[in-house]
Amino acid sequence: KQKPSKGYFNIFDDNVYLDINISSLKDADMEEFCKLSEEQFLYTNESERYDIINKSKGNPAYLEQALSLCFDSQIGDKPFELPETFTEVTNKRLQYLKEVNEIAYEILVGAAVMGDKINIRLLHEIFDIEQFDDVIDYLKKMNFIQPVNEIYYEFKNLLLWETILTNSKH
């Protein structure tokens, strides 16, 4: 099944060679990615860490969202059960989000409907609530979105955006 992809290249030097790799990460690259995500691994035990890395099959998006699911499970006082697919991980995270913070869930789904880039000012006009900035900070800390600049945010990856958008139609 085809998945969305998007790239931005602002390279003005003709002498630059750019090699783009869209395959899954190799073991050494995955270890490096895990080191970058070390703070998130603080919420896992050795068995969970092994399962997450093994089930990710080199997909950093799966790894990132699975680690977030582990954290979600802990703060929601729920048992951590690791789904097999990225879609299942994301759907479980969305279910937890809806249970714990329904306003954040509604804003996240509304943002997904607007597109993969989120105009925060427009989103704030649509969801005119006092705690809007707190909700955006919460979604950022929960690993759903990240800032691009002062006006725009984006989803952590396009597969996450697509999964949230698809889930919102059900």
Side-chain angles (χ1 to χ4, degrees), residues 1-10 18-41 43-44 48-73 75-76 80-101 104-120 122-123 135-149 151-170:
K1 180 179 175 185
Q2 293 182 352
K3 297 291 176 196
S5 64
K6 185 182 276 189
Y8 298 94
F9 305 100
N10 290 324
L18 186 61
D19 183 16
I20 301 171
N21 186 351
I22 57 173
S23 65
S24 57
L25 297 178
K26 295 181 176 36
D27 289 345
D29 296 328
M30 198 61 162
E31 274 302 315
E32 186 63 32
F33 186 81
C34 289
K35 286 178 186 173
L36 295 173
S37 305
E38 190 172 342
E39 184 178 311
Q40 289 182 293
F41 276 112
Y43 305 105
T44 63
E48 291 167 341
R49 179 185 174 123
Y50 175 80
D51 286 346
I52 290 169
I53 292 171
N54 193 36
K55 284 186 180 180
S56 74
K57 299 176 185 156
N59 180 345
Y62 179 95
L63 178 88
E64 189 174 62
Q65 292 304 310
L67 286 169
S68 295
L69 176 62
C70 185
F71 182 69
D72 293 347
S73 299
I75 63 172
F80 176 62
E81 298 169 358
L82 185 61
E84 294 293 324
T85 68
F86 180 86
T87 300
E88 291 168 342
V89 168
T90 302
N91 287 341
K92 189 170 249 189
R93 290 202 67 216
L94 291 172
Q95 176 188 347
Y96 287 172
L97 180 64
K98 191 173 186 179
E99 291 171 10
V100 172
N101 191 335
Y105 172 82
E106 289 174 7
I107 289 175
L108 185 68
V109 170
V113 170
M114 291 173 60
D116 62 319
K117 296 285 183 266
I118 307 160
N119 182 322
I120 291 298
L122 179 59
L123 192 64
V135 171
I136 294 301
D137 285 341
Y138 177 78
L139 291 172
K140 190 169 54 171
K141 287 176 186 167
M142 297 307 287
N143 221 14
F144 285 109
I145 61 173
Q146 61 191 8
V148 175
N149 57 38
I151 299 172
Y152 286 95
Y153 275 65
E154 65 186 358
F155 288 88
K156 289 296 280 189
N157 58 67
L158 289 173
L159 185 56
L160 178 63
W161 166 69
E162 178 199 39
T163 306
I164 293 169
L165 187 61
T166 302
N167 181 285
S168 71
K169 294 177 183 176
H170 293 92

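Everything quoted here is computed from the prediction, not taken from an experiment. Count residues from 1 along the sequence.
Distance CD/Q65 to CG/N59: 10.0 Å, rounded to 0.5 Å. To the nearest 0.5 angstrom, I145 atom CD1 is 5.0 Å from L139 atom CG. Separation of atoms CG (N157) and CD (E64) is listed at 6.5 Å; rounding is to 0.5 Å. Here the CZ-CG distance, from F155 to L108, works out to 5.0 Å after rounding to the nearest 0.5 Å. From K156, atom NZ reaches atom OG1 of T90 across 13.0 Å, with rounding to the nearest 0.5 Å. Interatomic distance, L97 CG to Q95 CD, rounded to the nearest 0.5 Å: 11.0 Å.
Heavy atoms only, all atoms of each residue included: N143 and S68 are closest at ND2-OG, 3.0 Å. Listed here is the closest heavy atom pair of L165 and A112: CD1-O, 3.6 Å. Nearest heavy atom pair, residue S73 against residue Y96, reads OG-CE1, 3.6 Å. Across S56 and I53, no two heavy atoms sit closer than the pair OG-O, 2.7 Å. Residues A104 and Y138 share a closest heavy-atom pair of CB-CD2, 3.9 Å. For the residue pair A66 and I52, the shortest heavy atom distance occurs at CB-CG2, 3.8 Å.
The shortest distance between side-chain heavy atoms of I136 and L123 falls below 4.5 Å. With a 4.5 Å cut-off on side-chain heavy atoms, K117 and Y153 do not count as touching. Inter-residue side-chain proximity for F80 and D72 is flagged as unmet; no heavy-atom pair is nearer than 4.5 Å. Contact of the M142 side chain with the F71 side chain is registered, since non-hydrogen atoms from C-beta on lie closer than 4.5 Å. When side chains are defined from C-beta on, T163 does not count as touching V89, because their heavy atoms never get closer than 4.5 Å.
In this structure, the side chain of E88 engages the main chain of T85 through a donor-acceptor pair within 3.5 Å.
Applying the side chain to side chain contact (heavy atoms under 4.5 Å, CB included) test to N149 and every residue at least two apart in sequence or in another chain returns I151, Y152. Residues meeting the side chain to side chain contact (heavy atoms under 4.5 Å, CB included) test with K55, sequence neighbours left out: Y62, L82, E84.
Cation-pi contact between R93 and F144: present, with separation from the ring centre below 6.0 Å and deviation from the ring axis of at most 45°.
Using a cutoff of 4.0 Å between basic side-chain nitrogens and carboxylate oxygens, E81 and K92 are scored as salt-bridged.
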Q: Please test E48 against D51 for side-chain contact (heavy atoms from CB on, under 4.5 Å), starting from the C-alpha separation and ending with a verdict.
A: CA-CA 5 Å; E48 291 167 341; D51 286 346; 5.7 Å; no
